[in-house]
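So the structure is just underneath, and the comments pick up after that.
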Protein chains: 8
Amino acid sequence: MDRKRLTELLRGVAAGETPVEEAVQGLQALPFKELPFATVDLHRQLREGFPEVVLGEHKPPDQIIAIVSELAKGGGNVLVTRVDPDKGEIVAAALDDAHHEADARAVVLRQKPLQDHGRGQVVVVCAGTSDLPVAREAVLTAELMDNKVALVVDVGVAGIHRLMHHYDTLSSASVIIVVAGMEGALASVVGGMVSRPIVAVPTSIGYGASFGGLAPLLGMLNACAAGVTVVNIDNGFGAGYAAALINRRDPI
Amino acid sequence: MDRKRLTELLRGVAAGETPVEEAVQGLQALPFKELPFATVDLHRQLREGFPEVVLGEHKPPDQIIAIVSELAKGGGNVLVTRVDPDKGEIVAAALDDAHHEADARAVVLRQKPLQDHGRGQVVVVCAGTSDLPVAREAVLTAELMDNKVALVVDVGVAGIHRLMHHYDTLSSASVIIVVAGMEGALASVVGGMVSRPIVAVPTSIGYGASFGGLAPLLGMLNACAAGVTVVNIDNGFGAGYAAALINRRDPI
Amino acid sequence: MDRKRLTELLRGVAAGETPVEEAVQGLQALPFKELPFATVDLHRQLREGFPEVVLGEHKPPDQIIAIVSELAKGGGNVLVTRVDPDKGEIVAAALDDAHHEADARAVVLRQKPLQDHGRGQVVVVCAGTSDLPVAREAVLTAELMDNKVALVVDVGVAGIHRLMHHYDTLSSASVIIVVAGMEGALASVVGGMVSRPIVAVPTSIGYGASFGGLAPLLGMLNACAAGVTVVNIDNGFGAGYAAALINRRDPI
Amino acid sequence: MDRKRLTELLRGVAAGETPVEEAVQGLQALPFKELPFATVDLHRQLREGFPEVVLGEHKPPDQIIAIVSELAKGGGNVLVTRVDPDKGEIVAAALDDAHHEADARAVVLRQKPLQDHGRGQVVVVCAGTSDLPVAREAVLTAELMDNKVALVVDVGVAGIHRLMHHYDTLSSASVIIVVAGMEGALASVVGGMVSRPIVAVPTSIGYGASFGGLAPLLGMLNACAAGVTVVNIDNGFGAGYAAALINRRDPI
Amino acid sequence: MDRKRLTELLRGVAAGETPVEEAVQGLQALPFKELPFATVDLHRQLREGFPEVVLGEHKPPDQIIAIVSELAKGGGNVLVTRVDPDKGEIVAAALDDAHHEADARAVVLRQKPLQDHGRGQVVVVCAGTSDLPVAREAVLTAELMDNKVALVVDVGVAGIHRLMHHYDTLSSASVIIVVAGMEGALASVVGGMVSRPIVAVPTSIGYGASFGGLAPLLGMLNACAAGVTVVNIDNGFGAGYAAALINRRDPI
Amino acid sequence: MDRKRLTELLRGVAAGETPVEEAVQGLQALPFKELPFATVDLHRQLREGFPEVVLGEHKPPDQIIAIVSELAKGGGNVLVTRVDPDKGEIVAAALDDAHHEADARAVVLRQKPLQDHGRGQVVVVCAGTSDLPVAREAVLTAELMDNKVALVVDVGVAGIHRLMHHYDTLSSASVIIVVAGMEGALASVVGGMVSRPIVAVPTSIGYGASFGGLAPLLGMLNACAAGVTVVNIDNGFGAGYAAALINRRDPI
Amino acid sequence: MDRKRLTELLRGVAAGETPVEEAVQGLQALPFKELPFATVDLHRQLREGFPEVVLGEHKPPDQIIAIVSELAKGGGNVLVTRVDPDKGEIVAAALDDAHHEADARAVVLRQKPLQDHGRGQVVVVCAGTSDLPVAREAVLTAELMDNKVALVVDVGVAGIHRLMHHYDTLSSASVIIVVAGMEGALASVVGGMVSRPIVAVPTSIGYGASFGGLAPLLGMLNACAAGVTVVNIDNGFGAGYAAALINRRDPI
Amino acid sequence: MDRKRLTELLRGVAAGETPVEEAVQGLQALPFKELPFATVDLHRQLREGFPEVVLGEHKPPDQIIAIVSELAKGGGNVLVTRVDPDKGEIVAAALDDAHHEADARAVVLRQKPLQDHGRGQVVVVCAGTSDLPVAREAVLTAELMDNKVALVVDVGVAGIHRLMHHYDTLSSASVIIVVAGMEGALASVVGGMVSRPIVAVPTSIGYGASFGGLAPLLGMLNACAAGVTVVNIDNGFGAGYAAALINRRDPI
């Protein structure tokens, strides 16, 4: 297509229909709009099935509302992450069709029905109940990116038989997200059980020498099971997004 | 299949062909061999297309040679990672069909022809020439796991037009491995250019406040582009392995 | 016993009383319920004398109350750790037989009289008055696990004669828990005085370069006295639990 | 001038007009007032075009008001940095001619019209909207030091075409300030695009393994593009000050 | 005994057999030799069954030989830890009855037959073959302190069925030492399987973000299984010593 | 004196006035009360001129008041450190003769007139106004330990001539306390100017990469001027105490 | 010029001299060679006065020689940094016109006479003799980028009068590079003396708690003097490069 | 004296003996040679009793020899620190009157007999034999600065009665230097025993989580005993120097 646009422009010049000066200006603008790498434009990606995403943590409610309103004009779904309960209520109340998913610390504005673009199921495994908000952010993100998602909770390595109870779910997953705080060993154990891509999310849930999630982060990076990759501490959104890319049936 | 083995065993008991005591012993052994979670057994995985892997760094040559000889009996390919030039020469010389891939700091013993089990191409992008050994370890790992792999070198963010030159390769990849030291910004930039799963490998190549790869590790974990997941510093093998799992056409 | 259950199941099959398909299902379920490693099930352990434990820090009062109510049905004692004063009052008020142990930041629901399962006395040594909540959590945990416990307070190394005053108590202990912040030197000094297993608990009580308990943690890990092992910062519960295991007369 | 004062003093002695003892005292005082290194006196610098600067973060409003009132007597402009909204309002209300620049978390008291002392334009590039307060502090500082300043916002590396849209502005800058949190890759990318001095400001905007700005700080220090220098985390003032020194047409 | 000595001394005074001045001198010396806390004297402990221990790492061979010769005069066993192969050979060759235990990086001089002073068996579990030297140091230490010891090797969490194969050994242990590098998850998993005191030893075996053993150290300190205590990185001696104290039938 | 008490006791035995058993008990108690090292007893030290010190940070007002009341019975001065304004007011109001020194975040109860026990003057040098509370805590501590103290403020290294203005004060000091945040360079500069013992106090005043005082702490530990020793971050009390010991005319 | 090339190409099309297909290919190549952001191409920069730079640290001599030979064809100067003495000798010997600058750990191949493109003099201030290699790398880099450079050595803050001896040199500099290890206080002191842009280079020269240069790095980032910016530890090249950009009379 | 020189100069002018221009030049030179703060000049200090000190670690033997030869011309003693055995031998052999103190890793050139300038004795307490080189460097430094010094070795806190054996020596010291690695608890214990200024030296002797001396450094900074100040890791010289300043009878 880019080649086509370029060819048209040049044919216009060759045909004398486009003045040289006008073509120079058009070509200088191209790199930022139409050349291949312009597909980096997030907005275009989103139109193809990805939700618009707003990071809510450092923004006041009115700013979030304004941004979501603007993004919603595109007709797609909009996800606001990292909103505390109060902010979530305010934002959801101010926007039609918006829903406050308090468990995931998110607000979702749905304008398009979900489809299933995935090769299989994304399974989110969550070590402890305190890790749930992060896990639910991952679930929500992957769902909004048109994936089937299953959530398995409270299966820490200190009671490994509970994890094995879910062996079938794990082994039939297309990609697994492991959410764990403390020492983060769950990623290694799951990675040792099944041959699936695993996206590990360390959480800041922990005490003392957890140092805000450093312990599970290092644990997951040093996981003795191959196939484990890691995202930032508490980054449920990033894990859900990566899992959706991995699971996508037809690449964009 | 596990279910099949169990059924056979029990049918033997039901038919009076297998004494109860013998069956009890067989069943007690099962959890470690045949029960569902026994698929964690690396050896079974490997028979299905994955190479046997030996971490060479802390092992003397004779130990490596003995292990590889044993593993080779399985008939699969064997990969020895992290061998310095001298060790690589010794090991490769002592083993039939083994080849010293010095650029990847590896020894490979190939016994099966490579197949293409992938959904598409794995692309390994390498920021600087000093990062090449890590990148080549990733390439080799993914290839031995039956993937087509392309390697793009010397495309650091300080000369971003060189990276754009490879836009077509990147945008048609099934999964991208980004290998970078220094500040590790390449992962963010590639992640912003294409909507593909990206496995980022920070390298220990750097100076001063790189602190042995801590700088690119933190940089990649904080990448502003979604879809980036991270493996341990210099862990080319882990990245290649994860990319192969992601790219696999039919899950194992 | 496991062997017994397995034998029974197989005898049923051999006798034609158990259909093969039913036995297959029963056996697949076994690993998670009845095979040896199923003893990891915390609930079974607790029935044998250990309390149910609920980590209260990240849970709202109503969630804690619901969990404790459920656990209490088992008839054992229940310990809720890390509750601040307000939360402790609310939880204790809502539950019959529950008591708010504010000094230990805990709520205890006692349903069984304490017994003495220990080989000897657990002695908890506490460096400063600010470390007391952590020490009391250790005392409470060990007591609920049926141990005799003595608490020695305010015996920092800067006044070592005060510590020596307690020499008899220390030298007759079965296991000693040392709770200290600042530089954590007390573990080394006690470890040099008596030949007993010592569980050291660094606390986050300190200033400046304590870095939230890092200083005593490193100090205790580097203790020049042999026989000292360490738990996480402020982890009085973990120390009490480990001491109870060490002191237990008859292993479970 | 110093030489002149010294000469006068000695001539006074030589002429018998200045008693020896009085000259000794005068000379002993000189190092702190008149000798060359006395130009380190901030007050003198400021009279030559630099604003007086008050760091507002650890000071109560009344203390700030008193200091600014005193400094304002010099007739120059006064900049108060790092004031939260409430403090800013109080301080600005109490001082004539003072203005609360809430976006930059600053209060400015202007007494002199701005001049243009720069060789060219200072361009401040800001990665994300959350980094804006830091960027605006840099803009304000550079402006008060008599520079033309342009601000380019929301041009993170995940959408690199947006950055390229500003290529003309960047390439014509005299000095560029790059303000970025997350992984801080923007400094490397801008440094690779243009051959200009770049002052990089890591911000504490980030999550988890950002560790309060450590990630972008290390990223910027390890920037693979030459010409990048770094100031402290969130130090917009320092960046603006350094950029003003770099851009200054005639050194002071 | 101390009380006995004190009584004898005072009786001597009371009987007029010991001059007061002589008794004063004797009593002043007491605190450092005979008073209760003088049991901190390592030499006395050792005579009661513990080996003399020499840390070999920072000492030249001749210094080690001299120290061991001196200590051997006490008639007990002597253990030299952390000697590299060359040093071990030199030291063992120079001392009668000394043996170089190269696998444990130790030299042992045995003068007394081993006895069994333990309540049960000490089990040392070792995650990977690279962790073996640390595990063997733990085994050797516990054995020299008169314990029965079993060693279980190569049972990392990535292949958890291998670990379960040793369930009987683990569940019948009196105390378990877990030696693991990488992410150190083995301690959590073993701690979840059995209710026994667990002494965890993080090793420096790892790569990149292991940071010399920091990753498994933090992982073990944050272990989600209760009952796990931790010693310093690579400190097999400390773990073996602590396990021996825990396992000791009759306290010293 | 200890020798005297011992001698008396033994004479009692020799004279038949003290039964042997009673003497044994008395002697066993001695090490903790009367033997030389019992001078570690803080209370005795204080009677000789040092104030009683209560660390107020982690204690509620009523607990502080009770402790101070108890300590005051000894007749000496009492110092309560690290009290915030509210706590200071409450404590001071509840105690006769107590004074809230808000600038030093302390409460002082004076019962004895100050004397001058020092060899010379203690000089406290403070880099910035934000560091003043720490500096004032040092001043107050040294004064209560009977030293003459001078305070020099706002003499950071960025305006080194201001520091030189105080050269006479510095060079005539007996010991100098340097209080500085930011990069802590003031300790090196003062250490290079005068040959006096310097106790450096890093403060947590700083921004971003100060990391809570880590930057000046490391700076002071690495001071290129010999003669500089360092105390914990913000530890004005510790610096004042050490300076008082250094300056003391007649050792205690 | 880019615009000129574009115009020529389009005129060729308009004139029928360039076939459309050929022009399309030419234009697609442009972004990587000729479009505005293609000025990131190092080679073009260098032709305008900057040397080609080869980082020698991780490259074997033959690789360096090959790269330098290739780069030298461009006719410009070539700088090889971070070569140890042996490597430097080998490389210099193999290349005509190359010189081994051992003091700066560099090899220089000069093909063009130096010019003076600077606005003034770059002054490099070096704290200790051990910091000299880093300082000389900075000097060499700035010289090869056509600047007049002065080097001031051994002027640490512990002897501040030595620094003042160079006041005239410092105050007349266009830009100052401060190279210091230990606590790095020199940057603050120089920054307080003169109103010039200061590029600070922390060095890894130090002991103990220097932690490989972390101490001066943090010190310089927290410098209390405004106008100080920082480069990576030991990065003399980066400082020289940045100083050259700052000092450049006519921007490129 | 400075005042005297100034007065003389001015009298020369007043008397017409010194031309004004000549006096101007002389006065401008004064700040760096003769004005009060010029006492920072190390050479002057040394002439008054302090040795010249050369840090030998980063300097080649010939450079050390040249420097020492130059310094020796001043007639004072010269101390070279941190020389390994080979370097020490070479340097000592090349210099008359120089002696290689291998135990302290130092070379000493004595030209003046030692005097006793101290108020009392400096006592150096050393925890373990591995810490001895650091302790001996402290001893040597203090001796060369004309102090009586006593060395107490091998008195770690794990055998606290050995430390008490030296109570008399400790309690009669003027200043105490505590040298300890591992957890560094010795400083706290000694600080609790005696009311003397204590200079603590953490050493890098340790294992694993000592992190090169970080553990004892943090431990000493957090010492619960007041009166403890700390120098850099392994900095025996710095401790000896500080102790000498503290002990000095008549300040310089």
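To find a chain, count down the sequence lines: A is the first, B the second, and so on, and within it residues start at 1.
- The minimum heavy-atom distance linking E/R248 with C/R119 is given by the pair O-NH1, 3.0 Å.
- With a threshold of 4.5 angstrom between heavy atoms, C/L217 approaches chain E through side-chain atoms but not through N, CA, C or O.
- Between atom CG of residue E/N235 and atom CG of residue C/N222 there is a gap of 9.0 Å, rounded to the nearest 0.5 Å.
- What you find for E/F237 and C/A226 is that their closest heavy atoms are CE2-CB, 4.1 Å.
- We find the CD1-CD1 distance between C/I246 and E/I198 to be 11.0 Å, quoted to the nearest 0.5 Å.
- With chain C as the partner, the residue from E/L221, E/I233, E/L218 showing the most heavy-atom pairs under 4.5 Å is E/L221.
- Of the two parts of C/V199, only the side chain, counted from C-beta on, holds a non-hydrogen atom closer than 4.5 Å to a non-hydrogen atom of chain E.
- Here the closest heavy-atom approach between residue E/T229 and residue C/A242 is recorded as CG2-CB, 3.7 Å.
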